[in-house]
2 protein chains.
Amino acid sequence: MRQTQSHQSVQAALLKRIHSGEWSPGMFIPGEVELALEFGCSRTTVNRALRQLAENGIVERKRKRGTRVTPMPVARATLEIPIIRKEVEDRGSEYRHSVVLKEIKKAPASVTARMQLKDKKLLHIQTLHLSDGAPYMFEDRWVNVEETPGIENAPFDEISPNEWLVQEVPYSDGDISFYASSANKELADFLEIKEGAPLFIIERTTRMNDVAITSLKMAYTEGFKMTSKL
Amino acid sequence: MRQTQSHQSVQAALLKRIHSGEWSPGMFIPGEVELALEFGCSRTTVNRALRQLAENGIVERKRKRGTRVTPMPVARATLEIPIIRKEVEDRGSEYRHSVVLKEIKKAPASVTARMQLKDKKLLHIQTLHLSDGAPYMFEDRWVNVEETPGIENAPFDEISPNEWLVQEVPYSDGDISFYASSANKELADFLEIKEGAPLFIIERTTRMNDVAITSLKMAYTEGFKMTSKL
DNA sequence: TTGACTTTTATGTGTATACATAACAGCATA
DNA sequence: TATGCTGTTATGTATACACATAAAAGTCAA
């Protein structure tokens with residue numbers, strides 16, 4: 001029998017059994033061949049459905065052992081980190097930015113540790129991002145100049161360093177972390193908030209083949225919220 | 001020619017071209033048939049490689065139009081939100097929790113709005129989670145009792161509401177958000193921090209077929225950091 | 001010129017088949 | 001007993017083929 005979208009319906013059927021508790025966490029589920037027979041489709045189709053469930057962390061698969069419902073399901077949220085300008089404009093606000101500092105300098109230890117670049121002079125850029133004229137986010141960025149040709153002449157009054165890098169410099173991997181912190185004097189001044197006010201911090205380092213390209217710290221004022229579906 | 005892992009190598013080859021700038025953002029790349037010919041593999045294999053790239057947001061695909069490198073790539077971070085006990089124990093600390101409040105009550109407007117359950121009495125549970133005896137996170141949870149049979153008799157002195165729900169109550173979807181806030185008097189007392197100290201807040205609502213199961217707010221003290229790969 | 005129809009094209013998906021590979025079980029040999 | 005060599009099994013992956021489908025491009029008649 002040839003159906004369309006059948007891997008999706010198979011996946012839905014499997015999910016239903018898991019969600020209903022018919023297959024409980026930790027339990028091994030029937031093999032691909034058996035399921036293919038039951039659903040009246042090919043093993044390929046079942047395989048795809050199961051593969052997708054495994055990608056989403058719903059089931060765990062191992063050769064020979066079989067497939068089982070993940071015993072302790074970890075909730076996963078996929079966050080999308082858009083370009084700042086888009087983030088602001090999508091909310092219907094006007095975006096502006098201003099580069100408040102641009103220097104070539106030896107980075108402090110905390111930055112060199114993250115980037116694993118010792119004793120190199122890095123480009124240090126601080127940018128204030130504004131939404132409808134009000135301070136929205138403060139960005140403190142360090143850039144490995146050797147890996148980003150052209151950055152010295154980039155027109156940062158027109159395009160933000162954020163956007164320029166995303167468009168001009170490819171990266172292969174990186175890491176990101178989120179935490180809460182309180183504003184120090186400098187940040188408080190820039191963001192026009194009280195010293196000690198809570199900030200949402202995103203720290204991000206991107207690399208190309210294990211060589212750090214840029215590392216940055218973004219400080220969002222209270223009111224910023226990051227949302228995602230589970 | 002039959003190779004193993006070839007969809008991975010094809011994907012790697014495609015990624016390389018994108019990262020190297022040979023194919024720049026917004027550009028349409030050759031069709032599946034053409035690529036299959038070039039790589040000496042079947043269209044199926046190219047399809048799978050491209051499908052995975054599309055899932056990761058690297059390329060955009062549309063029937064008939066073709067495949068193009070995502071013009072404005074949005075960085076995506078997949079966060080894993082583990083069970084609190086695991087989170088603490090994985091860091092080598094001893095986990096304990098204590099339920100500080102358990103009542104059946106009409107929820108305040110902010111909660112009913114999130115859960116879209118009006119005028120229902122909900123179970124309200126507040127739990128303090130401890131790491132090596134020190135306050136780690138404060139959880140404020142509202143539960144739709146009708147959808148969670150057995151919760152009234154659950155042994156919350158042994159197992160945390162968090163863990164009990166994950167294991168006993170299946171859910172189909174939900175949403176989650178992250179933001180920074182400052183501690184009010186009550187939270188400051190529980191978490192043994194100063195009033196006004198920054199907190200990392202995770203708000204989460206889970207649903208089963210569009211019916212809210214539980215909605216909770218988790219407040220982490222400063223020092224908590226959520227990390228992920230890009 | 002406009003609007004309805006047809007063709008073309010690139011991706012989307014399903015089937016049958018084959019071989020690859022990891023891990024386990026059981027047997028046999030030193 | 002320990003160790004190495006078989007199968008065996010379930011998933012992992014590649015291939016050739018066929019049909020589905022959305023969207024663009026082309027065609028033609030009112």
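These numbers come from a predicted model, not from an experiment. Every chain is numbered from 1 and lettered A, B, ... according to where its sequence line falls, protein lines coming before strand lines.
Between T45(B) and L50(A), the residue whose closest nucleotide on DNA chain D is further toward the 5' end is L50(A).
Taking only side-chain nitrogens and oxygens, Q8(B) never comes nearer than 4.0 Å to OP1 or OP2 of dG12(D). For R48(A), a side-chain nitrogen or oxygen approaches OP1 or OP2 of dT13(C) to under 4.0 Å. In this structure, T67(B) reaches the dT11(C) phosphate: one of its side-chain N or O atoms is under 4.0 Å from OP1 or OP2. Phosphate proximity of dG14(C) to S6(A): present, with a side-chain N or O under 4.0 Å from OP1 or OP2.
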Identify the pairs formed between an N or O of the protein and an N or O of nucleotides 3-8 of chain D at a distance under 3.5 Å, and give each distance.
none

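Between Q52(A) atom CD and dG12(C) atom C1' the separation is 12 Å, expressed in whole Å. If you measure from atom NZ of K62(B) to atom C1' of dT9(C), you get 16 Å, rounded to the nearest angstrom. Rounded to whole Å, atom P of dT13(C) lies 11 Å from atom CD of Q11(A). Rounded to an integer number of Å, the gap from R65(A) CZ to dA25(C) P is 10 Å. Rounded to whole Å, atom P of dT11(C) lies 13 Å from atom CG of L53(B). When rounded to the nearest whole Å, the span between CZ of F39(A) and P of dG14(C) equals 13 Å. Rounding to whole angstrom units, CD of residue E60(B) and P of dA10(C) are separated by 19 Å. The separation between E34(A) atom CD and dA10(D) atom P is 9 Å, rounded to whole Å.
For the pairing with Y220(A), the ring pair (Phe, Tyr, Trp, His ring centres under 6.0 Å) check across Y179(A), F138(A), Y136(A) returns one residue only, Y136(A). Here the options are L117(B), V111(B), T112(B), the test is side chain to side chain contact (heavy atoms under 4.5 Å, CB included), and the partner is R114(B); only V111(B) passes.
Below the 3.5 angstrom threshold, one finds a donor paired with an acceptor across the side chain of R43(A) and the base of dG12(D). Residue side chain R61(B) does not reach the base of dT11(C) through any donor-acceptor N/O pair under 3.5 Å, judged by distance alone.
With respect to the salt-bridge test (charged N to carboxylate O, under 4.0 angstrom), the residues E38(A) and R17(A) qualify.
Without hydrogens or angle criteria, D132(B) side chain to E94(B) main chain gives a donor-acceptor distance under 3.5 Å. In this structure, the side chain of S181(B) does not engage the main chain of L199(B) through any donor-acceptor pair within 3.5 Å.
Base engagement by T44(A) is indicated by at least one non-hydrogen atom pair under 4.0 Å involving a base atom.
For E32(B), taking side-chain heavy atoms from C-beta onward, the closest of the listed nucleotides dT13(D), dT11(C), dT13(C) is dT11(C). The listed nucleotides are dA10(D), dT15(C), dG12(C); the one nearest the side chain of R63(A) is dA10(D).
Listed here is the closest heavy atom pair of L79(A) and T227(A): CD2-O, 4.2 Å.
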Side-chain donor-acceptor distances from residues 22-30 of chain B under 3.5 Å, at least two apart:
none

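Ring geometry for W164(B) against F156(B) counts as perpendicular: the plane angle is over 60°, on a 0 to 90° scale with 30° as the lower cut.
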